[in-house]
Amino acid sequence: MKIAVCPGSFDPITLGHLDIIRRAAALFDRVLVCVMTNGEKDRGMFPPQRRLELARLAVREMPNVEAELWQGLLADYARQRGAAFLVKGVRCGTDFDNEYQMAWINQGLAPELETVLLPARPEFIYFSSTMAREMIRYGQKLERYLPSAVAEEIGKGKG
């Protein structure tokens with residue numbers, strides 16, 4: 001069984017994230033969405049447990065995808081869950097450079113790990129979780145940026 005991990009802070013999960021997860025789900029038998037806790041990024045809008053709930057809501061209709069929370073090294077999570085692949089989305093050259101470096105760091109920690117970089121679709125290149133948080137703060141419509149179930153949940157004031 002080929003198991004892949006799609007890691008991220010998912011603060012919140014966006015349509016761009018969901019697109020990468022769906023594409024990974026078509027390539028691998030099982031995909032684990034790893035909601036990472038990161039001291040730097042955990043000053044975001046949503047606490048880790050809420051980000052996990054929103055990620056689970058977004059992937060609930062994908063039978064070979066599940067979401068979990070993890071605090072620690074990604075390589076350790078992948079090893080513990082039996083994953084041999086990390087799947088990351090890249091929007092631009094800067095993303096590629098960062099992910100390329102991380103791929104070699106992760107492979108140094110766990111030589112069995114391969115990183116697969118999927119280019120973002122054009123409609124998602126200019127959007128990020130940071131931008132989604134701004135849209136939420138200013139009460140903008142979210143359907144163009146977030147999975148519909150997530151946008152609905154946040155729109156109810158349950159952010």
Side-chain angles (χ1 to χ4, degrees), residues 3-78 80-81 83 85-92 94-96 98-99 102-103 106 115-159:
I3 301 171
V5 175
C6 286
S9 59
F10 303 110
D11 186 31
I13 190 167
T14 67
L15 287 172
H17 292 133
L18 195 58
D19 180 62
I20 296 297
I21 293 164
R22 275 193 186 112
R23 290 161 61 195
L27 295 171
F28 299 97
D29 300 312
R30 188 165 171 223
V31 174
L32 304 170
V33 175
C34 183
V35 178
M36 304 287 295
T37 60
N38 175 326
E40 245 177 66
K41 290 188 177 183
D42 281 343
R43 293 181 213 131
M45 180 170 276
F46 300 102
Q49 189 61 42
R50 184 61 174 149
R51 291 181 304 177
L52 174 62
E53 291 167 6
L54 294 172
R56 284 180 172 161
L57 189 60
V59 302
R60 70 181 175 199
E61 295 180 12
M62 291 183 246
N64 64 331
V65 177
E66 63 184 271
E68 297 180 322
L69 190 62
W70 180 257
Q71 183 174 5
L73 291 175
L74 178 58
D76 290 339
Y77 174 81
Q80 184 180 83
R81 302 295 277 136
F85 301 93
L86 302 176
V87 177
K88 300 296 237 34
V90 291
R91 293 174 293 174
C92 60
T94 302
D95 281 355
F96 178 84
N98 291 335
E99 296 303 343
M102 287 307 303
N106 283 319
T115 298
V116 177
L117 301 177
L118 295 177
R121 293 190 193 281
E123 60 266 33
F124 303 122
I125 287 175
Y126 299 105
F127 197 74
S128 66
S129 290
T130 302
M131 293 175 73
R133 290 190 299 274
E134 288 300 300
M135 298 294 183
I136 293 165
R137 279 188 188 100
Y138 294 106
Q140 298 299 305
K141 293 187 181 220
L142 303 172
E143 291 77 16
R144 290 181 53 207
Y145 312 109
L146 304 180
S148 59
V150 173
E152 184 179 320
E153 182 77 6
I154 291 172
K156 291 178 185 175
K158 295 183 178 181

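- Scanning all heavy atoms of the two residues, the minimum distance from Pro119 to Ile20 falls at O-CD1, 4.4 Å.
- Closest heavy-atom contact between Asn64 and Ala25: ND2-O, 3.0 Å.
- Between Leu86 and Ala78, the shortest heavy-atom distance links the atoms CD2-CB, 4.2 Å.
- Heavy atoms only, all atoms of each residue included: Ile154 and Pro12 are closest at CD1-CB, 4.5 Å.
- Of the inter-residue distances, the one linking Met131 atom CE with Ile136 atom CD1 reads 12.5 Å to the nearest 0.5 angstrom.
- Inter-residue side-chain proximity for Leu32 and Cys34 is flagged as unmet; no heavy-atom pair is nearer than 4.5 Å.
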I'd like a table of donor-acceptor pairs (distance under 3.5 Å, sequence neighbours excluded) in which one partner is a side-chain atom from residues 65-75, with atom names and distances.
unit_1	atom_1	unit_2	atom_2	d
Glu66	OE1	Arg81	NH2	3.3
Glu66	OE2	Arg30	NE	3.3
Glu66	OE2	Arg30	NH2	2.7
Glu68	OE1	Tyr77	OH	2.4
Glu68	OE1	Arg81	NE	2.8
Glu68	OE1	Arg81	NH2	3.4
Glu68	OE2	Arg81	NH2	2.8
Trp70	NE1	Leu73	O	3.0

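- Every residue two or more places apart in sequence or in another chain was checked for a side chain to side chain contact (heavy atoms under 4.5 Å, CB included) with Ser148, and none qualifies.
- Closest non-hydrogen pair, Val31 versus Cys6, comes out as CG1-SG, 3.9 Å.
- Not counting sequence neighbours, the partners of Arg121 by the side chain to side chain contact (heavy atoms under 4.5 Å, CB included) test are Asp19, Arg23, Glu123, Phe124.
- Remark: Phe85 engages Lys2, Ala4, Phe28, Glu114, Val116 in a side chain to side chain contact (heavy atoms under 4.5 Å, CB included) (not counting sequence neighbours).
- At a threshold of 4.0 Å, the pair Arg56-Glu53 does not count as salt-bridged, since none of the basic side-chain nitrogens sits closer than that to a carboxylate oxygen.
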Start with the C-alpha gap between Met62 and Leu18, add the side-chain angles, then the distance that decides, and say whether side-chain contact (heavy atoms from CB on, under 4.5 Å) holds. CA-CA 11 Å; Met62 291 183 246; Leu18 195 58; 3.3 Å; yes

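- In this view, Glu99 and Lys88 satisfy the salt bridge (Lys or Arg N to Asp or Glu O under 4.0 Å) rule, not counting sequence neighbours.
- In this structure Ser129 satisfies the side-chain hydrogen bond (donor to acceptor under 3.5 Å, both in side chains) test with no other residue, sequence neighbours excluded.
- Within the 4.5 Å cutoff, the side chain of Leu146 has no heavy atoms near those of the Glu153 side chain.
- Within the model, atoms CG of Leu52 and OG1 of Thr37 stand 11.0 Å from one another, a figure rounded to the nearest 0.5 Å.
- Residue pairs meeting the ring-ring contact (aromatic ring centres under 6.0 Å, His included) criterion with at least one partner in residues 7-27, sequence neighbours excluded, are Phe10-His17.
- Qualifying side-chain hydrogen bond (donor to acceptor under 3.5 Å, both in side chains) partners for Asp76, counting only residues two or more places apart in sequence or in other chains: Arg79.
- Here Tyr126 pairs with nothing under the side chain to side chain contact (heavy atoms under 4.5 Å, CB included) rule; sequence neighbours left out.
- The shortest side-chain heavy-atom distance between Ile21 and Ile13 falls under the 4.5 Å cut-off.
- Take Arg133 and apply the salt bridge (Lys or Arg N to Asp or Glu O under 4.0 Å) test, not counting sequence neighbours, and it matches Asp11.
- In this structure, Thr115 and Met102 have side chains that are not in contact, with every pair of non-hydrogen atoms separated by 4.5 Å or more.
- Atoms CG and OG1, from Leu142 and Thr14 in turn, are 11.5 Å apart once rounded to the nearest 0.5 Å.
- In this structure, CE on Met45 lies 12.0 Å from CZ on Arg50, to the nearest 0.5 angstrom.
- Rounding to the nearest 0.5 Å places CE of Met135 at 13.0 Å from NZ of Lys141.
- With sequence neighbours excluded, the residues satisfying ring-ring contact (aromatic ring centres under 6.0 Å, His included) with Tyr145 are Phe127.
- Under the side-chain hydrogen bond (donor to acceptor under 3.5 Å, both in side chains) criterion, Arg91 pairs with Asp95, sequence neighbours left out.
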